[in-house]
Student: 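Input: one structure, supplied below.
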Amino acid sequence: MTLMIHNTLTNRKEKFVPIVPDEVKMYVCGVTVYDDIHMGHARSIIVFDTVSRYLRYLGYKVTFVTNFTDVDDKIINRANERGIAPLDLSAAYIEKYFRDIESLGVRRADIYPQASTSMPYIIQMVKDIVDRGYGYTAPDGSVYFRVRKMADYGRLSHRTIKDLRSSGRLDENPDKEDPLDFAVWKGVKPGEVAWDSPWGKGRPGWHIECSAMIRHYLGDVIDIHGGGNDLIFPHHENEIMQTEAVTGGPLAHYWMHNGMLETKTADGQTAKMSKSLKNFFKVEDVAKKFDKYTIRFYFLNTHYSSPLAYGEDNMAEAQNALKRLWNNYRDLQACARDGPLGDCPVAPLLEKTRTAFNDAMDDDFNTRAAIESLFGLARETNRLMGERTMTRDGALETLDFLKDIDSVLGILPDDAGRDSDDLAAVMSILIDLRKELRVRKQYDLADLIRNRLGEAGYVLEDAADGAKWKKA
RNA sequence: GUCGAGAUAACACAGCGGCUAUGUGUCGGACUGCAGAUCCGAAUACGGGAGUUCAACCCUCCCUCUCGACUCCA
């Protein structure tokens, strides 16, 4: 099977064909760095982290770019409140961002451009837009984009200019030729950070930084552009217009949008998690209660495009579900160490699982179905271990397989898990001792050993064919 | 109002025009000194109404409800 991606542009699943064979250029809209990130951001970050991981797993050379918006009204306002420079505020939140995504097990993108450091490219882009007749200047030094000049404005969000006109929520700005026009450059206002430009001092409009960064860091056209589905209009729509005005070609071949994370509001309704509704959960806080594996599992346990309602009980459920996979993983580790010798033909089973996993991921990154294949493998290997037919070699082979699969999902323990031979020797003594105590029915002492090991982070499980130990 | 997404068993979340979904939870069994893990088995389902079809949870139409975008937003 080949990778199929749902493309917002066409509203269909399409076969993925990169521009350059075996290479993928992808760009995902990042965050405005004026506050801590919340779980809604986390979802988007984890989704596209997983997309890039899967593409690499398939063998593509991926160049992944995510931006930081560090020039923005909200940043300026908050910096003013705190009496610090806007760029100091954003720099602090960028650092915090990296700490937060680390607690989510997210691999870093290749490049993280910032608006403030991309100013030459942004200004060049605006200049090109104006030179080609798609932009015009206003008396206050702003530059607006001439939407009417692009016949298919609304293509991504599947609306027409007529639809948009009738929305009745238009900005009546006398500087604009048309209410639908949007600012690519904003003339300076008192008290704002500003950069020199051919149109006087000012700063970029919201959408232009993405167009400019993509063009500079990745080129005129990229393979995949991603972001939350709340960005489809107007942000991505406008990005497309800006870029196409300059390059004459498409900006991205595949547009991917993740569904919103929702949560309950005060009145008991579900609503999108957002700052303005004050119904958000910060990553920082959630990460105190749940580990990164659980958080990733929770998000990957549903399709990226579906809406998802966040709740702590759901997180706890995810934790229990993931525990099953972890138990299996630990048991395999124990089996690889202490299990029977000899052959165990696990290859067909692993092959079957691989096929199911790849088919699921190829189908528009269906992580949920992919995870189901892992539960199937867990049940079968549990059975083999229960029957004592799983051997050390078979367990090792299965573990290698799981590690490879987990390079995509990032939900299994990454502790490399190699317990020393010394520890194994000591455990074996303790297990023998307990065996003797149990024969003599001195259960209090046997339990004491087991409990103390439990406190130390090791689980001891009695079974018909002898005790097994593993990490908790 | 315009555009888009969605309604699946107790819960969460997949899927397919006909074949046991998956996980958590619940119940029963195996194992067992206890604990835990594991295995085997069971029950509960496709919002409502029409239609297409030999056959629909899956396609079409209508209805109801939910969410998102149209304003800063992952």
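Nothing here was measured: the structure is a model prediction, and the numbers come from that model. Numbered from 1 within each chain, the chains take letters A, B, ... in sequence-line order.
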Student: Under the criterion side-chain contact (heavy atoms from CB on, under 4.5 Å), which of T381(A), L377(A), V346(A) is the partner of T353(A)?
Tutor: L377(A)

Student: Sugar-phosphate means primed atoms, P, OP1 and OP2; the rest is base. With that split, encode nucleotides 23-31 of chain B 5' to 3' as B, S or - using protein heavy atoms under 4.0 Å.
Tutor: BS-------

Student: Under 4.0 Å between any heavy atoms, over every strand shown, what does N314(A) touch: base, sugar-phosphate, or nothing? Just pick one.
Tutor: sugar-phosphate

Student: Please determine, for A5(B), whether a Watson-Crick or G-U wobble partner exists with both distances under 3.5 Å, and give it or none.
Tutor: U66(B)

Student: Do side-chain atoms of D223(A) reach the backbone of M26(A) as a donor and acceptor pair under 3.5 angstrom?
Tutor: no

Student: Can a donor-acceptor pair under 3.5 Å be found between the side-chain atoms of R450(A) and the base atoms of A35(B)?
Tutor: yes

Student: Start at the 5' end of RNA chain B and walk down; is the nucleotide closest to D444(A) or to K323(A) reached first?
Tutor: D444(A)

Student: Have a look at H235(A) and say if it touches a base, only the backbone sugar-phosphate, or nothing, with a 4.0 Å heavy-atom cut-off.
Tutor: nothing

Student: Look at the side chain of W255(A) and the backbone N and O of T10(A), then say whether any donor-acceptor pair between them is shorter than 3.5 Å.
Tutor: no

Student: Protein-nucleotides 2-5 of chain B N/O pairs closer than 3.5 Å?
Tutor:
residue : atom : partner : partner atom : Å
U2(B)   : O2'  : D163(A) : OD1          : 3.3
C3(B)   : O2'  : S157(A) : O            : 3.0
C3(B)   : O2'  : H158(A) : O            : 3.3
A5(B)   : OP1  : N11(A)  : ND2          : 3.4

Student: Taking side-chain contact (heavy atoms from CB on, under 4.5 Å) as the definition, give me every residue that meets it alongside A318(A), ordered by chain and number, with sequence neighbours left out.
Tutor: T294(A), F297(A), Y298(A)

Student: Do we see a donor-acceptor contact under 3.5 Å between the side chains of D70(A) and S116(A)?
Tutor: yes

Student: When the aromatic ring centroids of Y34(A) and Y93(A) are compared, is their separation below 6.0 Å?
Tutor: no

Student: Keeping the roles fixed (side chain from E237(A), backbone from S157(A)), state whether a donor-acceptor pair exists under 3.5 Å.
Tutor: yes

Student: Can you identify which nucleotide, out of C70(B), G68(B), G33(B), has its nearest atom closest to the K272(A) side chain?
Tutor: G68(B)

Student: Applying a 3.5 Å limit to both distances, which nucleotide forms a Watson-Crick or G-U wobble pair with C34(B)?
Tutor: none

Student: Check this one for me: any side-chain N or O of T302(A) less than 4.0 Å away from OP1 or OP2 of A14(B)?
Tutor: yes

